Asks: 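Here it is, the structure, as structure tokens.
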Amino acid sequence: MMNLSEFSNSQKLQQILLAEIERSPHQKITFAQYMATVLYDQQYGYYNSGTVSIGSQGDFFTSSSLGKDFGELLAIQFREMWHKLGCPNPFYVVEMGAGNGELAQDVLNFFSNSSDNDDLIRAIKYVIIEQSTALIKEQQELLKSFGNFDLTWKTWTDLADESIEGCFFSNELVDAFPVHLVTKSNNQLQEVYLKIQDHKLTEVIDQISTEKIAQYFDLIKIDLLQPEYPDGYRSEVNLNALDWVSAIALKLKRGYVLTIDYGYTAQKYYRPSRSRGTLQCYYQHRYHDNPYVNLGYQDLTGHVDFTALERQGELSGLQTIGFTQQGLFLMALGLGDRLNELSSGKYNISEIFKRRDALHQLINPTGLGGFGVLIQGKNLNQKQQTLQGFTVPD
Ligand SMILES: C[S@@+](CC[C@H](N)C(=O)[O-])C[C@H]1O[C@@H](n2cnc3c(N)ncnc32)[C@H](O)[C@@H]1O
């Protein structure tokens with residue numbers, strides 16, 4: 001049941017959408033515009049109104065909600081990257097889309113907790129790029145004890161081109177970008193729009209809103225007009241993801257881009273049998289597929305097409321270093337040792353159960369462990385492209 005304030009936030013968003021639709025050339029907006037408004041409207045959008053709730057009691061949880069292991073294992077990978085680059089000072093770690101700040105907290109704590117990391121701590125410039133002012137506040141509150149780090153919040157325009165030596169990284173960011181909804185209709189590639197009909201927000205199908213959508217399918221070498229795709233086939237196109245990769249490539253001078261998210265290669269993503277796409281809505285820890293309810297109170301996501309990130313990266317000067325699953329990546333970074341250590345006698349029984357469950361969730365191939373991990377690089381030699389996260393653990 002929605003409470004009254006929820007209702008009023010949803011009503012505000014409806015009014016904003018109505019005005020957007022009325023203002024637009026053919027009184028219709030793309031699904032991407034719709035998603036941008038309901039998630040990112042500065043005042044009432046899900047991520048900006050202060051409603052977003054990440055964690056075990058929230059609308060959804062992420063790997064960092066399960067405890068410190070995820071962040072610590074990523075920190076091990078960042079430390080290796082720093083060594084591979086020849087221990088530069090400054091070494092940038094740029095986290096994009098930092099949620100409630102827990103992941104940054106776990107990474108920074110890991111570095112703080114060992115005196116071996118003193119040189120690295122002095123070299124690190126930890127930068128957060130976050131679009132939500134409400135979440136920036138939460139992050140700043142959580143991270144205020146890390147005065148020993150050079151920790152700052154920046155926007156893309158604050159970063160000069162080719163200025164970053166280090167690693168750009170994100171966990172579950174790209175799935176949150178607004179997506180276009182496309183469909184195969186009358187043997188044409190068409191797009192889903194929203195219109196007002198009979199006072200109701202209604203889906204209508206029309207020509208694609210931009211040629212970039214057709215170019216996207218050329219980029220990933222998928223043709224929805226092939227006969228194996230049924231009429232009415234529907235899926236998403238994340239054009240924002242392409243712009244995002246290009247922006248990173250431009251800012252990176254030398255180093256890595258680590259992207260973790262749920263998703264597939266293009267071949268799997270656009271499998272003919274996946275005829276309803278991958279759009280999902282999260283509301284109070286349950287998921288469903290109706291993006292037109294709980295406006296401003298639910299998260300909307302689309303899976304990530306990792307092939308598109310790779311191809312766009314290659315066009316922008318990034319080479320693909322590796323693509324694997326989160327479970328394998330974390331095992332290679334030492335998650336197995338952490339599981340073994342649980343029987344060392346250091347922990348009490350309830351700690352063992354809790355932590356073992358968390359570690360298993362991180363590697364479960366049907367859950368978080370099945371997430372994709374993509375690492376791209378720029379201006380790296382062969383040695384610098386060999387990373388621990390892609391090795392096979394003993
Ligand atoms: C699903 S949450 C993931 C949070 C966090 N990375 C984690 O693992 O818990 C998505 C995050 O990305 C942020 N975000 C969405 N679009 C963004 C953009 N264009 N630039 C920066 N942050 C963005 C959201 O505000 C939110 O903090």
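Note that ligands are numbered from 1 as they come in the structure, with each ligand's atoms numbered from 1 the same way. Position 1 is the first residue of the sequence; numbering continues from there. Model, not experiment: these values are computed from the prediction.
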Asks: Taking all atoms of both residues into account, what is the closest heavy-atom pair of D206 and Q190, and its distance?
Replies: O-CB, 3.3 Å
Asks: Would F61 count as a contact residue for ligand 1, given that I'm defining contact as a non-hydrogen atom of the residue lying under 4.0 Å from a ligand atom?
Replies: no
Asks: Considering the heavy atoms of F60, write down every atom of ligand 1 situated less than 4.0 Å from one of them.
Replies: 1 (C)
Asks: For V293 and Q298, which heavy atoms make the closest approach, and how far apart are they?
Replies: O-NE2, 2.9 Å
Asks: Identify the closest protein heavy atom to atom 14 (N) of ligand 1: which residue and atom is it, and at what distance?
Replies: L173 CD1, 3.5 Å
Asks: Decide if the gap between the ring center of Y269 and the ring center of F306 is smaller than 6.0 angstrom.
Replies: no
Asks: Closest approach of H360 and L339, non-hydrogen atoms and distance?
Replies: NE2-CD2, 3.9 Å
Asks: Please report which non-hydrogen protein atom sits nearest to atom 20 (N) of ligand 1, along with the residue it belongs to and the distance in Å to one decimal place.
Replies: Q131 CB, 3.9 Å
Asks: Using the benzene-type ring in the case of Trp, are the ring centres of Y193 and H26 under 6.0 Å apart?
Replies: no
Asks: Of Y126, F111, F169, which is the lone residue that meets ring pair (Phe, Tyr, Trp, His ring centres under 6.0 Å) with F78?
Replies: F169
Asks: Closest approach of Y233 and S235, non-hydrogen atoms and distance?
Replies: CE2-CB, 4.0 Å
Asks: Taking both backbone and side-chain atoms of E172, is any N or O found less than 3.5 Å from an N or O belonging to ligand 1?
Replies: no
Asks: Atoms of ligand 1 less than 4.0 Å from T62 heavy atoms?
Replies: 7 (C), 8 (O), 9 (O)
Asks: If you measure from atom 19 (N) of ligand 1 to every heavy atom of F177, Y46, Y40, which option wins on shortest distance?
Replies: F177
Asks: Among G97, S170, G55, G99, which one puts a heavy atom closest to atom 6 (N) of ligand 1?
Replies: G97
Asks: Give the residue and atom name of whichever protein heavy atom lies nearest to atom 8 (O) of ligand 1, and the separation in Å to one decimal.
Replies: N171 ND2, 2.8 Å
Asks: Does any N or O atom in Q139 lie less than 3.5 angstrom from one in ligand 1, N or O only?
Replies: no
Asks: Just jot down the ligand 1 atoms closer than 4.0 angstrom to any heavy atom of L135, in number order.
Replies: 25 (O), 26 (C), 27 (O)
Asks: In ligand 1, which numbered atoms sit nearer than 4.0 Å to a non-hydrogen atom of I129?
Replies: 21 (C), 22 (N)
Asks: So does E341 pair up with K346, basic N to acidic O under 4.0 Å?
Replies: yes
Asks: Between E130 and ligand 1, is there a nitrogen or oxygen pair with a distance under 3.5 Å?
Replies: yes
Asks: Please confirm whether R274 makes a cation-pi placement over Y264, using NZ or CZ under 6.0 Å from the six-membered ring centre and within 45° of the ring normal.
Replies: yes
